[in-house]
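All remarks here apply to the structure that follows.
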Amino acid sequence: MEKATKTNLVAKAKNFISTVKEYWHEPAKGNYIPYKEIASLSGAGFGVYWTVLLAAAIGLDASNFIVGASIGLRPKDLAVMLIVANLVGIPIGIFRSWYYDNHKMDGGKFLPFIRKTGLPIVIISTIFVWLPYEHMQYMTKAVVVWFMYMLLNIFLCFYNESYTYFQQIITPDAQERANVMSISQVIYSLAPTITGLFIPLIAGLTWGLNNIWTYRVIYPFFTVAGLIIGTIFFRKVRERLILPKKQPEPVRFFDAIREVAKNKYYWIIQAAAWVVFLESGYGVVLGWSFVYGHGGQYEPSLGLANTIIGNAALWSMLLCPFAIKWMGKRNLLITANATNIVLLLILYFVYKNLILVCIIWYINSFINTFWNIVQHNISADMRDYHQWKTGVRVDGMFGPLGMIGTIIGFFTGMVYPTIYEKMGLLEDYNVLYNDTMRNNLFEVLILFSAFGALLNLIPFCFYDLTENKHKAYVDVLKIRAMFENHSLGMLEDEELSSAMEIIHEAKENYGKEKVTVDKKSDKALLRKAKETNLAIERASIIMEDLNKFSTKAGKLRLSQAQEDMESGIDHFYEDAYELLKKAKSMPKTTKEEKEIRSDAIRNARIKKESYSLTLRYGKDYITPPDESRKEEILSREAKNFADSMKIRHDLKRYLKDVSVHTRIIKPYTDAKNLIAQAENYTHYEELEEMYAALETI
């Protein structure tokens, strides 16, 4: 038996090595990423962690050993500093989000930002820890820390967001993305494991985790090493977005915000994010137990504890793709959060026992890693859904709406600092050596965290974007891109084959009844029945899009578009308010009636905005602004600050004029685009012939 097991393991190992060799340079059929690129992504992730892990550890929070215990800033002062930093960060964040969606640099949409912002992060974070805080007055320390934090985060936010978004578009396939992220995280999780082990050990051999000199030794080494590793491997990965090949029109800031605000899945994700701060309160228990508990005698062992606990993440990374496939992202998130609530309640009763705390932390690390991986995946799914729903791809523009969470954070961010100070923790963190004070604080933090975990769970009960729906939406995007690229004369054979295979499978399954199989049947039969039913579900979404111009609602939509086109680009919609009133009174009993009514309301609102803007700005805005204005503004040479401000003002005015013009003529341009899309869809038979000819080669 033992010999057979060993033989089986050897066979599996050989098969794995053979598979890796076969798909090292080219991906397997149906996939997008070869193993070589997965390896590069893993190495890049390792570099990212060492570049930003320590830089991101500089936080305006009392639980932060650097600004709290080492530099000695009070919890409430840190909270106020964070609020001011977030206020200043709002316009910076808005600019960052707008820039992502309106500028594509050489090398991709996000990769160039990763490559350009790493070095400033390393330099600023190293300077941060080497400033002579021990010789500064309290107010000077606070101001210097705040300024350096803001400067660091300008680059850090670009770096972190770019890396997050990049992972979400490395492949359009949700399951492959989960697999790739799982594999790469296994590799690059070694980075925090190494730092988690050695930083406490170095601290134990030097000045301790609550002394700034420890960080002056650590930061230059780890951040520079991370930058070098990341720079090498980021040259070997690329982005993959499913977009038509024509140059997209710039995404207007407020137009994008209006569209993003209609995305229901975005609000579900955000609602969970708004309360996650409350769940995080217990996070200080482990570190403070080692550093301050038992007189601080176990502080050198914190590195070993972190390493062992970090190992838990390895298993969840390996299991996550299977868990997603088995449970689905939504159910996995809910299960993980429910488990976390139970763990926190247990922690409340055993936090004085250091061994039990480590055991709970190990399980918690295992569970939370599922959460972290799935969170990135559902965010990517949400963006793909938005592109399917609206026809517009936006990534960065989801950021400005997230500023609502920042504003909420102005109030919620004071919760834990207030608790800290009410319970006696001010600028002298040595009070945490007092067992009674520390234990009372821990109990409050753990209970608040358990309540926060419950609040965080609730929004995902309303999340219904399944993996199969997402796959269907991505399939539709491929089909739309095929039609549009064909109209542009830029269709590639691979695109044609991929899209037509999707259509043929959908046609084969469309209209079929779902298969019912006895649950006691053979596993292979059950699996086949499940796959068939999922294909039938996808077929409905795909064929609905292909046939959208032949339905009653589609014909009415097309008829209205023809009417709007014939009215002309300069039509004045003085009857817009009446149209909106009439649209809202339309019946909404059946699914078809609801669709027709929704289309009518949307169309009337667009005309209402056009009418209002024409009244406000005049009919001259029907004519597009002269592009030479923009060229002239950009070609100016700024000799001083006043010239720079004048250029910025004039450019802003030009962009506003473009935006007003775009919204005034939107009824016409929307109609024109819809008619063009309908025309593209009429070329289906021609594409079938091209595909058939391709198959005979």
Side-chain angles (χ1 to χ4, degrees), residues 244 249 251-252 254-267 382 384-394 464-465 469 472-473 475-477 479-481 483-484 510 540-569 571-614 662-682 684:
E249 291 297 317
V251 180
R252 304 301 172 191
F254 289 107
D255 294 342
I257 289 293
R258 277 189 289 269
E259 289 301 319
V260 167
K262 299 172 187 175
N263 190 318
K264 63 179 180 179
Y265 299 117
Y266 172 81
W267 291 114
M382 176 266 292
D384 291 336
Y385 162 81
H386 186 82
Q387 186 182 352
W388 167 81
K389 185 77 173 174
T390 66
V392 178
R393 179 75 192 194
V394 291
D464 63 352
L465 180 55
K469 281 184 182 178
Y473 296 152
D475 286 346
V476 169
L477 293 177
I479 293 167
R480 291 177 184 172
F483 281 118
E484 188 158 352
Y510 184 57
S540 178
I541 295 171
I542 293 165
M543 295 307 297
E544 185 177 315
D545 192 80
L546 277 174
N547 298 328
K548 61 186 174 185
F549 295 113
S550 59
T551 63
K552 183 179 179 182
K555 288 175 180 177
L556 283 172
R557 198 181 301 129
L558 204 52
S559 173
Q560 183 62 59
Q562 293 282 4
E563 187 179 318
D564 291 338
M565 277 279 288
E566 290 169 5
S567 296
I569 196 170
H571 187 75
F572 189 52
Y573 297 98
E574 63 269 12
D575 60 342
Y577 286 90
E578 187 61 35
L579 287 172
L580 182 58
K581 184 179 178 182
K582 182 180 177 182
K584 288 182 176 179
S585 66
M586 294 173 74
K588 50 179 179 178
T589 307
T590 65
K591 180 183 177 182
E592 186 177 66
E593 287 177 346
K594 288 178 182 177
E595 185 179 354
I596 293 171
R597 180 178 180 270
S598 177
D599 286 342
I601 291 173
R602 188 186 307 111
N603 191 269
R605 282 176 174 162
I606 291 170
K607 290 174 178 176
K608 175 174 166 282
E609 183 181 35
S610 173
Y611 171 69
S612 300
L613 288 171
T614 306
T662 301
R663 286 183 287 157
I664 284 177
I665 68 166
K666 187 171 172 56
Y668 178 86
T669 54
D670 280 2
K672 183 180 177 182
N673 290 337
L674 187 71
I675 291 168
Q677 189 181 58
E679 169 62 24
N680 290 342
Y681 275 43
T682 62
Y684 176 73

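All residue numbers in this chain count up from 1 along the given sequence.
Of all heavy-atom pairs spanning Ile664 and Ser610, the tightest one is O-OG, 2.6 Å. Smallest separation of non-hydrogen atoms from Ile542 and Val476: CA-CG2, 4.0 Å. Annotation for Tyr611 and Ala576: closest pair CB-CB, 4.3 Å, computed over non-hydrogen atoms. Residue Tyr668 comes nearest to Gly568 through the heavy atom pair CD1-C, 3.7 Å, listed as atom of the first residue, atom of the second, then distance. Taking all atoms of both residues into account, the shortest heavy-atom contact from Met382 to Asn263 is O-ND2, 3.5 Å. Residues Phe483 and Asn680 share a closest heavy-atom pair of CD2-O, 3.2 Å.
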field: Met565 vs Lys672, side-chain contact (heavy atoms from CB on, under 4.5 Å): CA-CA, chis, key distance, verdict
entry: CA-CA 7 Å; Met565 277 279 288; Lys672 183 180 177 182; 3.7 Å; yes
- prompt: When you look at Arg597 and Ile601, which way does the side-chain contact (heavy atoms from CB on, under 4.5 Å) test go after all the steps?
  reply: CA-CA 6 Å; Arg597 180 178 180 270; Ile601 291 173; 3.6 Å; yes
task: Start with the C-alpha distance between Asp564 and Asn603, add both sets of side-chain angles, then the distance that settles side-chain contact (heavy atoms from CB on, under 4.5 Å), and finish with yes or no.
output: CA-CA 10 Å; Asp564 291 338; Asn603 191 269; 3.6 Å; yes
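A donor-acceptor contact shorter than 3.5 Å links the side chain of Glu593 to the backbone of Thr590.
Asp464 has its side chain within reach of Lys264: a pair of non-hydrogen atoms, C-beta onward, lies under 4.5 Å apart.
Expressed to the nearest 0.5 Å, how far CD1 of Ile606 lies from CD of Glu609 amounts to 8.5 Å.
By the 30° and 60° cut-offs, the orientation of the rings of Tyr573 relative to His571 is perpendicular.
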Please tabulate, for side-chain N and O atoms in residues 545-559, each donor-acceptor pair with protein atoms closer than 3.5 Å (sequence neighbours left out).
unit_1: Asp545; atom_1: OD1; unit_2: Arg480; atom_2: NE; d: 3.4
unit_1: Asp545; atom_1: OD1; unit_2: Arg480; atom_2: NH2; d: 2.8
unit_1: Asp545; atom_1: OD1; unit_2: Lys548; atom_2: NZ; d: 3.3
unit_1: Asp545; atom_1: OD2; unit_2: Tyr681; atom_2: OH; d: 2.8
unit_1: Asn547; atom_1: ND2; unit_2: Met543; atom_2: O; d: 3.2
unit_1: Lys548; atom_1: NZ; unit_2: Gln677; atom_2: OE1; d: 3.1
unit_1: Ser550; atom_1: OG; unit_2: Asn547; atom_2: O; d: 2.8
unit_1: Thr551; atom_1: OG1; unit_2: Lys548; atom_2: O; d: 3.3
unit_1: Thr551; atom_1: OG1; unit_2: Gly554; atom_2: N; d: 3.0
unit_1: Arg557; atom_1: NE; unit_2: Asp599; atom_2: OD2; d: 2.9
unit_1: Arg557; atom_1: NH2; unit_2: Glu595; atom_2: OE2; d: 2.9
unit_1: Arg557; atom_1: NH2; unit_2: Asp599; atom_2: OD2; d: 2.9

